[in-house]
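See structure below.
The chain is numbered in sequence order, starting from 1. Just follow the structure's listing: the first ligand is 1, and inside any ligand the first atom is 1. Because the structure is predicted, anything quoted here is derived from the model rather than measured.
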Amino acid sequence: MKILGIESSADETVASVVDDGQILLSNTVASSIEFTKAYGGIVPEIAARSHIESIIPVIEEALKTAKTSWDHIDAIAVTKGPGLIGSLLIGVMTARSLAIAKNKPLHGINHVEAHVYANFLTKTTLPGYQLPAEPPLFPMLALIVSGGHTQLVLFKNHGDYKILGQTRDDAVGEAFDKVAKILGLPYPGGPSIATAAKSGDPNGLELPIARLSNPYDFSFSGLKTAVLRASQALVGADYTLPSSRLPERLSETQKSLVAASFQSTAVRTLVDSLNRALKEFGPKSVVIAGGVAANQELRRQLDATLPLKPIYTDIKLCTDNGAMIAAAAYYRRQIDRPADAYSLGVFSGLQM
Ligand code: KG4
Ligand code: ZN
C-alpha cells in the first residue's frame with residue numbers, strides 16, 4: 001500500500017511516498033525559507049506563490065526517489081488544515097487534480113494529528129534517517145510541539161483520541177521564534193535559541209511558568225513578555241525601550257543568558273505537564289512530535305525525568321513533512337471513507 005503524502009500548510013512544499021504506513025521511501029522538500037528569513041517570519045503571499053512553483057517538481061522527485069510511478073501509487077493524502085489558507089489551497093487543489101486525473105483515492109489529513117504519525121515510521125530506504133525501532137503502543141500520550149500548535153493528546157487507538165490540553169495563546173515554537181526576534185537571532189528561532197543557550201546559565205534569570213485552571217493547558221505569552229522585561233532591565237532600560245532596539249544593546253553574554261533561561265523554562269513547562277499526565281493516565285508509550293521535538297534540551301530533560309523512554313523520530317521528520325501525512329492517511333483510511341476529489345476543502349483553524 002503506497003501512499004503519496006503532500007504537505008503545504010506553511011512555507012515548505014514537501015512530498016513523500018510511504019509504504020504500509022511505516023516504510024519511508026522518499027521525502028522531498030522545497031522551501032521558501034530564504035524569504036522567511038529575510039522577512040523574519042512567513043509571508044503568506046510569498047509562501048503560496050512558492051508552493052505553486054515547487055509542488056509539481058517536488059511530487060515528481062518524490063516518486064523518482066521512491067523508485068515508483070503513478071501506476072504503483074494506491075492513494076494520495078494531503079494536508080487539509082490547519083495552516084495558511086493560500087498555502088493549503090495549493091496542496092489541496094494539486095492533490096484533487098491528481099486524484100481525478102490519475103484515478104486515485106484522496107484523503108484530507110489534519111496536520112496536527114499527522115505530526116504524531118511521523119513516529120510510526122520505523123523503516124526507510126533513505127540514508128541518514130534515525131527512526132524509532134518499533135511503532136508506539138496504545139494507549140499513547142502525544143506531546144505535539146510546533147510553531148503553530150502545542151497540544152497534549154491521549155490516543156486510545158488510531159483516530160480515537162482526547163485533547164487533554166493545548167495552548168491558550170502562543171505555541172511553544174512561536175515563543176522560541178518571538179524570543180529569538182527580541183534577541184536579534186535569525187529565523188527560525190528554535191535552533192538559534194538552542195545555539196545561543198549553549199553558553200548561557202539556564203538558571204540565570206527567574207522566569208514565570210503559567211498556572212492555568214486546566215493543568216494540561218499551556219500559555220507562553222506571559223513568558224515571552226517576561227523575557228522582554230528582563231532583557232530591557234539587563235541593558236538598564238525600562239519597559240518603554242522598543243524591543244527593536246534590544247539586539248544592538250544586549251551583549252552576546254546577555255543574549256546567551258536570556259536564551260538559556262527562556263529555553264529551560266519553556267521546556268520545563270512541557271516536561272512538567274507530560275510527567276503529570278503520565279502519572280494520571282499511565283500510557284504504554286509517549287511520543288514527542290513537531291518542530292520543537294528537535295530541541296536537545298527538551299530531549300535531555302525528558303530523558304532525565306520521564307519513567308518511560310519517550311519516542312522521537314529523526315529531526316527531519318519532526319518538522320513539517322509529507323511522510324507524516326502519508327503515514328496518518330494509512331491509518332485514517334481504515335476508519336474514514338476517502339474524500340470527494342471534487343469538493344475537498346481547506347481549514348485554517350482546528351475545526352475540522
Ligand atoms: O512542526 P514545524 O516544522 O511547523 C509547524 O507545524 O509549526 O515547527 C516549526 C517550529 C518553529 O517555531 C521552530 O522555531 C521550532 O519548530 N523549532 C525548534 C527547533 N527546531 C525547530 N524549537 C526549539 N528547538 C529546536 N531545535
Ligand atoms: Zn507542523
Which residue and heavy atom of the protein sit nearest atom 21 (C) of ligand 1, plus the separation:
G291 O, 3.5 Å
Using the ring of each side chain (for Trp, its six-membered ring), is F138 parallel, tilted or perpendicular to H158, with breaks at 30° and 60°?
perpendicular
I want to know if ligand 1 touches G148 in the polar sense, i.e. an N/O pair below 3.5 angstrom.
yes
Report yes if P188 has an N/O atom closer than 3.5 Å to an N/O atom of ligand 1; otherwise report no.
no
Atom indices of ligand 1, in the order listed, that fall short of 4.0 Å to a heavy atom of H115
1 (O), 6 (O)
Just to confirm my output: which protein heavy-atom neighbour is closest to atom 4 (O) of ligand 1, and how far is it?
D320 OD1, 3.2 Å
Would you indicate which of A289, G147, A175 comes nearest to atom 10 (C) of ligand 1 when only heavy atoms are counted?
G147
Centroid-to-centroid, Y330 to F120, below 6.0 Å?
no
Determine whether the side chain, the backbone, both or neither of H111 has a heavy atom under 4.0 Å from any heavy atom of ligand 1.
side chain
The protein heavy atom nearest to atom 18 (C) of ligand 1 is G190 CA, 3.4 Å
So which protein heavy atom does atom 15 (C) of ligand 1 come closest to, and at what separation?
V292 CG2, 4.0 Å
Parallel, tilted or perpendicular: which one describes the rings of Y216 and F281, with boundaries at 30° and 60°?
tilted
Should the pair K178-E174 be classified as a salt bridge under the 4.0 Å nitrogen-to-oxygen rule?
yes
Spell out, as yes or no, whether a donor-acceptor pair under 3.5 Å connects the side chain of S50 to the backbone of I46.
no
What protein heavy atom sits nearest atom 24 (N) of ligand 1, and how far off is it?
N295 ND2, 2.9 Å
What's the shortest distance from atom 14 (O) of ligand 1 to any protein heavy atom, and which residue and atom give it?
D177 OD1, 2.7 Å
Is Q232 reaching over with its side chain to a backbone N or O of L241, donor-acceptor style, under 3.5 angstrom?
yes
Which is it for E12 and ligand 1 at heavy atoms under 4.0 Å: side chain, backbone, both or neither?
neither
Check: Y187 ring centre within less than 6.0 Å of Y39 ring centre:
no
Looking only at N/O atoms, are T319 and ligand 1 under 3.5 Å apart anywhere?
no
Measuring from atom CG of D217 to atom OG1 of T150, what distance do you get when rounded to the nearest 0.5 angstrom?
11.0 Å
What distance do I325 atom CD1 and K80 atom NZ have between them, rounded to the nearest 0.5 Å?
11.0 Å
Ignoring angles and geometry beyond distance, decide whether G290 reaches within less than 3.5 Å of ligand 1 through its nitrogen or oxygen atoms.
no
Under 4.0 angstrom from ligand 1, any heavy atom of A10?
no
Should A194 be listed as contacting ligand 1, given a heavy-atom distance under 4.0 Å as the test?
no
Check the hydrophobic clustering (I, L, V, M, F, W, Y; side-chain heavy atoms under 4.5 Å; chains of links allowed) and say if I163 and L274 are grouped together.
no
The reported gap from CG in L207 to CZ in R229 (rounded to nearest 0.5 angstrom) is 13.0 Å
Could you state the interatomic distance from CD (E206) to OG1 (T265), rounded to the nearest 0.5 Å?
9.0 Å
Working to the nearest 0.5 Å, report the span between CG of D272 and OG1 of T305.
8.0 Å
4.0 Å heavy-atom contact, Q296 with ligand 1
no
For the Zn ion (ligand 2), how many protein N, O or S atoms lie at less than 2.8 Å?
3
Does a donor on one side chain and an acceptor on the other come within less than 3.5 Å for T240 and D238?
yes
